[in-house]
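Numbering of ligands and ligand atoms starts at 1, following listing order.
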Amino acid sequence: MIVVMRPGSTSQNIDHVAETLRKNGLSPNTIVGTDRTVIAAVGKESEGLQQTLETLDGVEKVLPILAPYKMASREGHPEPSTIKVKSFVTGGQAIGVIAGPCSVEGRAEILEVAQEVKEAGATGLRGGAFKPRTSPYSFQGLKEKGLEFLAEAGKATGLAVFTEVMAPEHVAMVSHYSDVLQVGARNMQNYPLLEAVGAQPKPVLLKRGPSATMEEFLLAAEYILKMGNPNVMLCERGIRTFEDHTRFTLPLASVPYLHEKTHLPVVIDPSHGTGKSSLVKAMTLAAIAAGTDALILEVHPNPEKAVSDGYQTISTAAFRQLMNEARHLAQALGRKLN
Ligand code: PEP
Ligand code: MN
């Protein structure tokens, strides 16, 4: 880490910082500049040392050199990670496409939509059986029945099933029926839930909290990795800003930024990211251009009739068309889409 001293800090201040670093097993190198002194320390940074140093007299700021998210960081894992579940592949050349309704609404509906998105080229099927709804009066999901329908649709089509788990006590049940566990935006910092999905073997799709910073997002992923589950996908689904022309603001710079910082695959959600079905196609293509590893899209045979998020859902016909355009774009960029 690097300790930047305030202009005018005394030699006692500098010696005390160097001594504290030494006591914590680091080797300090003091660099005296014309108006300030910087101490570069080499060695393993212990928990809480940064905060301790920041309280010492004469210290202006402390800059850690290594990212605090050790396992998610690209520093210790330069190759991008790939995740493969059934026909769904992400990371590297392949772009995974997860499509399906916001909520599982019934057996016939999910079987139909699964068949249609599969034919259009999707490799994953989405659908919520446990729904985190803003209002307690809104449809809360079909729960275990919905999971059964999803599993049947997954089996019939070969698509990898993605579905949300909202509580640690549901993890075993949800992972029994699905292939990938989704941790929703509202639960990004539910640490007992992150630990519970980290302690089971199915891959996890972690959605960014709408007000979480990138560092908080990566540290949330770190909770899952630290429990022994290496298969984590990071999903940018839009953040809350002052803008109100879209439901959330979808920052596509997250894709190249995350690729710089982490080896974990990045997934973009243009449906929640815009909240408007008319904007989904352009943002899907833009996400591919930005280098996304996968996409998750809300698709329904009749979005007007969808029980949740219909306004941001595209029809199966629109999805087919979108996939055709996306395939051309992916090809032009040397990427692969089913
Ligand atoms: C969803 O995928 O339907 C969902 C609820 O997403 P988010 O957690 O991003 O709001
Ligand atoms: Mn939704």
Side-chain angles (χ1 to χ4, degrees), residues 88 96-105 109-110 113 117 122 124-136 138-143 146-147 149-150 160-167 170 174 178-190 193-194 197 203-212 214 216-217 220-221 224 232-241 246-252 254 266-277 279-280 283-284 287 292 294-315 319:
F88 176 86
V97 179
I98 309 143
C102 177
S103 302
V104 181
E105 299 174 4
E109 167 264 340
I110 196 72
V113 80
V117 298
L125 173 66
R126 63 149 292 148
F130 288 89
K131 293 302 302 176
R133 304 306 301 280
T134 304
S135 164
S138 303
F139 175 65
Q140 302 288 310
L142 296 180
K143 312 219 159 88
L147 295 175
F149 298 152
L150 264 176
V161 169
F162 288 64
T163 198
E164 178 159 359
V165 58
M166 285 170 56
H170 293 159
V174 177
S178 62
D179 299 303
V180 179
L181 301 184
Q182 176 173 325
V183 173
R186 292 159 182 84
N187 271 319
M188 190 205 84
Q189 286 178 313
N190 179 341
L193 180 62
L194 298 177
V197 297
V204 177
L205 178 100
L206 175 65
K207 292 189 123 189
R208 179 184 183 183
S211 59
M214 280 291 158
E216 288 164 341
F217 189 20
I224 305 171
V232 180
M233 299 166 228
L234 298 169
C235 179
E236 173 60 83
R237 46 77 75 211
I239 52 172
R240 183 140 283 165
T241 69
T246 49
R247 185 180 178 195
F248 293 97
T249 294
L250 182 60
L252 287 178
S254 297
V266 180
V267 184
I268 290 291
D269 179 345
S271 307
H272 292 85
T274 60
K276 281 200 171 93
S277 54
L279 305 180
V280 166
M283 295 312 280
T284 299
T292 194
L295 291 150
I296 182 164
L297 293 155
E298 289 187 334
V299 179
H300 191 281
N302 187 355
E304 262 180 50
K305 296 238 168 78
V307 299
S308 59
D309 287 356
Y311 46 81
Q312 66 191 30
T313 299
I314 57 170
S315 67
F319 177 68

### Query
Looking only at atom types and distance, does a side-chain atom of Gln140 sit under 3.5 Å from a main-chain N or O of Ser138, one as donor and one as acceptor?
yes
#### Entry: Residue and atom names of protein N/O/S atoms that fall under 2.8 Å from the Mn ion (ligand 2)
Cys102 SG, His272 NE2, Glu298 OE2, Asp309 OD2
### Task
Determine whether the side chains of Ser308 and Ser103 contain a donor N or O and an acceptor N or O closer than 3.5 Å.
yes
### Message
Quick one, Phe162 with Val267, criterion side-chain contact (heavy atoms from CB on, under 4.5 Å). Give me CA distance, side-chain angles, the key distance, then yes/no.
### Response
CA-CA 13 Å; Phe162 288 64; Val267 184; over 6 Å; no
#### Entry: CA sep, side-chain torsions, deciding dist, call: Val180, Arg126, side-chain contact (heavy atoms from CB on, under 4.5 Å)
CA-CA 10 Å; Val180 179; Arg126 63 149 292 148; over 6 Å; no
### Message
Side chains of Ser254 and Glu236: any donor to acceptor distance under 3.5 Å?
### Response
yes
### Residue list, side-chain hydrogen bond (donor to acceptor under 3.5 Å, both in side chains) with Thr313, at least two apart or on another chain
none
Just list the N/O pairs, ligand 1 to protein, that are under 3.5 Å apart, with the distance for each.
{"residue": "ligand 1", "atom": "2 (O)", "partner": "Arg126", "partner atom": "NH1", "Å": "2.8"}
{"residue": "ligand 1", "atom": "2 (O)", "partner": "Arg126", "partner atom": "NH2", "Å": "3.4"}
{"residue": "ligand 1", "atom": "2 (O)", "partner": "Gln182", "partner atom": "NE2", "Å": "3.0"}
{"residue": "ligand 1", "atom": "2 (O)", "partner": "Lys207", "partner atom": "NZ", "Å": "3.0"}
{"residue": "ligand 1", "atom": "3 (O)", "partner": "Arg126", "partner atom": "NH2", "Å": "2.9"}
{"residue": "ligand 1", "atom": "3 (O)", "partner": "Lys131", "partner atom": "NZ", "Å": "3.0"}
{"residue": "ligand 1", "atom": "3 (O)", "partner": "His272", "partner atom": "NE2", "Å": "3.2"}
{"residue": "ligand 1", "atom": "3 (O)", "partner": "Glu298", "partner atom": "OE2", "Å": "3.4"}
{"residue": "ligand 1", "atom": "6 (O)", "partner": "Lys207", "partner atom": "NZ", "Å": "2.9"}
{"residue": "ligand 1", "atom": "8 (O)", "partner": "Ala185", "partner atom": "N", "Å": "2.8"}
{"residue": "ligand 1", "atom": "9 (O)", "partner": "Lys207", "partner atom": "NZ", "Å": "2.9"}
{"residue": "ligand 1", "atom": "9 (O)", "partner": "Arg237", "partner atom": "NE", "Å": "2.6"}
{"residue": "ligand 1", "atom": "9 (O)", "partner": "Arg237", "partner atom": "NH2", "Å": "3.4"}
{"residue": "ligand 1", "atom": "10 (O)", "partner": "Arg186", "partner atom": "NH1", "Å": "3.2"}
{"residue": "ligand 1", "atom": "10 (O)", "partner": "Arg237", "partner atom": "NH2", "Å": "2.8"}

### Task
Name all pairs fulfilling the salt bridge (Lys or Arg N to Asp or Glu O under 4.0 Å) condition that reach into residues 300-311, sequence neighbours left out, sorted by first residue then second.
Arg247-Asp309
### Message
Donor-acceptor check, side chain of Glu105 to backbone of Val307, threshold 3.5 angstrom: yes or no?
### Response
yes
### Task
Answer yes or no: are there more than 12 heavy-atom neighbours, outside Arg133 itself, under 6.0 Å from its atom CZ?
yes
